[in-house]
Amino acid sequence: MAAKINANFNNISESYLFARVNQLVREFQEQHPDREIIRMGIGDVTRPLAAKVVEALKAASDEQGKQETFHGYGPEQGYDFLKEAVRGYYKRHGVDLELNEIFISDGAKSDCGNLMDLFSIDNTVLVPDPVYPVYVDTNVMAGRKIIYADANEQNHFLPLPDESQDADIIYICSPNNPTGAAYSREQLKAWVDYANRRGSIIFFDAAYECFVTGDMPRSIYEIEGAKTCAVEICSFSKKAGFTGTRCGYTVVPMDLVRDGHAINKMWLRRQTTKFNGTAYIIQRGAAAVFTPEGEAECEANLEYYRGNAKVITDTLDRMGIFYTGGVYSPYIWLKCPGDRNSWDFFSDLLEKTGVVGTPGAGFGKNGEKFFRLTAFSTRENTEKAMKKFYEVYGRN
Ligand code: PLP
């Protein structure tokens, strides 16, 4: 008898999107070694960690080298000092959490998939289209049925519940990757009501909440009723440049119960079995994000990205091109000029301007005619890229 593989892996598509983008850019560079390439496709940040965070990381490293301050295994769900800091952050935005509702993670991506350990294979999973591919692939790997909520120009890429769809688990990402669109309170309330009515559970991915300003909701728990139907997944990646440092957190409310089981208790059991906690040093760095100096430094970086986003949206406004995002998000999701398909537009843009973005088709069928630009480049390159963009497509 040989080991049998999980045959569901036969059903996941090759992750070809960024590989294909990179391949096409490489070929272009080989053919045009003198041409400048400006990368506006990546979702990775470029600004370094805040000085306050680096200071905390160094101090924690020193602690680990001394007998008196050395830390071995920590609590699987995270140290209280970081959970207190996260709780304080929510409190400032009007949300009360208990400490044991917060679970520190090594980033949002892991928990996006791991949470499904708690739920039967028979659940039907609803994801928007276009979508962050992790939600789809983790569920296809497990063999769950996936249904889609169409996000398109008509609904400004913010689909609302469709009573004819029977969804058990619902992934919502707001502000959204890839579309940058952000739900209002009323729109989120419609999802919360739908989930509570049906007994569904919402996985709310708040990885981009840090870009929200004004009265828009940052957390689903700002919506009445969310604590009985939603888990929230969040990250320090975009908020504080932790993409390479790795830290996040997941909130599982005590009031979330299904089939007579407290989801919080199940998640704790799952984490204590399969996860040994986020590194002490990293958690100290993450806690520094919430100090006044840390917050000011991180906010300055976010302002820089917001400024880049404005350079992009100002150009698109001037050209009368439809887009979503760019306001509460580092992503700008634009309609390809000239009604082109996204891969054609990718090649045309690269050829004519040297600018690299991400074809919308890579995120789902509704992305076929759309394109994602990100605000994570430098100001200089963003301005240069959008000037070229205007020169080439402004007259189309
Ligand atoms: N969720 C969304 C929507 C993302 O776009 C990303 C990263 O780009 C993540 C989660 C992953 O975050 P982390 O770096 O914390 O794993």
Side-chain angles (χ1 to χ4, degrees), residues 15 17-18 21 39-47 49 53 78 82 86 89 102-116 125-139 149 151 157-158 169-183 202-212 218-220 230-251 275 277-279 282-283 285-286 289 298 301-302 305 309 324-326 328-333 357-358 360 362-364 367 372-377:
S15 173
L17 175 60
F18 290 99
V21 165
R39 291 180 190 275
M40 308 245 300
I42 52 158
D44 199 355
V45 295
T46 50
R47 308 284 291 169
L49 294 175
V53 169
L82 180 53
V86 171
Y89 178 67
I102 301 166
F103 295 78
I104 305 301
S105 70
D106 60 0
K109 191 183 201 175
S110 332
D111 282 3
C112 279
N114 291 343
L115 276 161
M116 289 306 291
V125 177
L126 177 70
V127 297
D129 173 346
V131 68
Y132 175 54
V134 173
Y135 313 149
V136 175
D137 289 353
T138 50
N139 281 292
F157 289 90
L158 292 169
I169 305 286
I170 302 158
Y171 283 87
I172 297 178
C173 175
S174 179
N176 189 268
N177 178 14
T179 71
Y183 280 112
I202 295 172
F203 290 168
F204 187 76
D205 186 340
Y208 297 92
E209 58 79 32
C210 53
F211 282 92
V212 169
R218 291 167 178 254
S219 162
I220 193 148
V231 170
E232 182 159 298
I233 306 155
C234 201
S235 168
F236 291 92
S237 285
K238 313 295 153 109
K239 179 183 183 66
F242 269 54
T243 50
T245 306
R246 312 303 308 142
C247 197
Y249 56 87
T250 291
V251 178
F275 184 57
T278 304
I282 302 299
Q283 292 193 57
V289 169
C298 292
N301 285 340
L302 294 171
Y305 297 136
T324 52
Y328 305 115
S329 164
Y331 298 122
I332 294 93
W333 178 254
T358 312
F363 299 101
R372 193 189 76 172
L373 290 176
T374 83
F376 288 130
S377 191

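All ligand and atom numbering here is 1-based and tracks the order in the structure.
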Examine distances only and state if a side-chain atom of Thr374 and a backbone atom of Ile42 form a donor-acceptor pair shorter than 3.5 Å. yes
For the side chain of Thr324 and the backbone of Thr179, is there at least one donor-acceptor N/O pair under 3.5 Å apart? yes
Listed by chain and number, what are the salt bridge (charged side-chain N to carboxylate O under 4.0 Å, His left out) partners of Arg372, not counting sequence neighbours? none
With a 6.0 Å cut-off on the ring centroids, do Tyr208 and Tyr328 count as close? no
For the residue pair Lys238 and Tyr305, would you count it as a cation-pi contact if the rule is NZ or CZ under 6.0 angstrom from the ring centre and within 45 degrees of the ring axis? no
Parallel, tilted or perpendicular, judged at 30° and 60°: which one describes the rings of Tyr171 and Tyr135? parallel
Given a heavy-atom cut-off of 4.0 Å, could you list the residues near ligand 1 in chain and number order? Gly107, Ala108, Lys109, Tyr132, Tyr135, Cys173, Asn177, Asp205, Ala207, Tyr208, Ser235, Ser237, Lys238, Arg246
